Amino acid sequence: GQQVMQIPQYQHVQEGEDFTTYCNSSTTLSNIQWYKQRPGGHPVFLIQLVKSGEVKKQKRLTFQFGEAKKNSSLHITATQTTDVGTYFCAGNSGAGSYQLTFGKGTKLSVIP
Amino acid sequence: ETGVTQTPRHLVMGMTNKKSLKCEQHLGHNAMYWYKQSAKKPLELMFVYSLEERVENNSVPSRFSPECPNSSHLFLHLHTLQPEDSALYLCASSEGRWATEAFFGQGTRLTVV
């Protein structure tokens with residue numbers, strides 16, 4: 001079955017440093033989504049990427065979808081303490097599937 | 001407020017108990033999901049309902065029994081659970097297939113003793 005690997009599992013950064021998490025799928029994806037879960041909270045949708053090579057930005061967050069539609073990354077510039085949480089990627093294989101396959105997530109800690 | 005409400009927020013139950021988790025969405029979505037989130041594991045999809053019909057069941061043990069009486073409500077009936085079933089159970093909804101943006105509820109933290 002489809003597998004989505006996400007690295008690193010944990011990342012500790014000093015406030016103001018950049019942060020990147022990477023996601024790799026064992027199969028080609030129809031689309032990929034990114035979610036953020038704050039400590040004690042629930043996953044909240046950030047963005048969806050659909051096109052090969054797509055790049056989207058949300059303020060300090062930059063999302064990329066690989067040319068082969070099998071990998072993706074989330075980059076945060078100049079982290080802030082409000083960025084703390086776990087970031088999940090979730091891939092959809094398409095073909096009418098309802099299923100999102102989630103990565104294990106990257107837990108980001110920001111040291112003030 | 002996400003538009004997806006789950007009750008209860010916390011539940012402690014014995015292995016011989018029967019309990020139900022409830023989820024309600026106010027977004028007009030036609031697909032609803034149950035996910036299990038355990039420590040150090042990815043979010044695991046348990047069940048998917050589309051227009052009140054179960055469309056996916058990811059080999060979940062029969063001690064978990066879903067029910068979708070209408071497109072706004074989803075239940076997860078629990079009986080004779082095991083301690084390893086302790087987890088955060090998340091309900092989500094979306095507009096439809098192709099796994100469009102999922103809106104999650106706040107979850108039910110379940111502890112089986």
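As the structure is a computational prediction, the values presented were derived from the model and not from experiment. A, B, ... follow the sequence lines: proteins, then strands. Residue 1 opens every chain. Just so you know, these numbers use all the heavy atoms, side chains as well, and skip hydrogens, waters and symmetry mates.
B:Glu44 has its side chain within reach of B:Ser38: a pair of non-hydrogen atoms, C-beta onward, lies under 4.5 Å apart. In this structure, the side chains of B:Phe104 and B:Val4 stay at 4.5 Å or more apart for every pair of heavy atoms. Within the 4.5 Å cutoff, the side chain of A:Thr106 has no heavy atoms near those of the A:Leu74 side chain.
Proximity to chain A (any heavy atom under 4.5 Å) is restricted, for B:Gln37, to the side chain, taken from C-beta onward. B:Leu45 touches chain A through its side chain: at least one heavy atom from C-beta onward sits under 4.5 Å away, while N, CA, C and O do not. Only the side chain of A:Gln37 has a heavy atom closer than 4.5 Å to any heavy atom of chain B.
The side chain to side chain contact (heavy atoms under 4.5 Å, CB included) with A:Asn92 is formed by just one residue from the set A:Ile32, A:Leu100, A:Leu29, A:Val50; it is A:Leu100.
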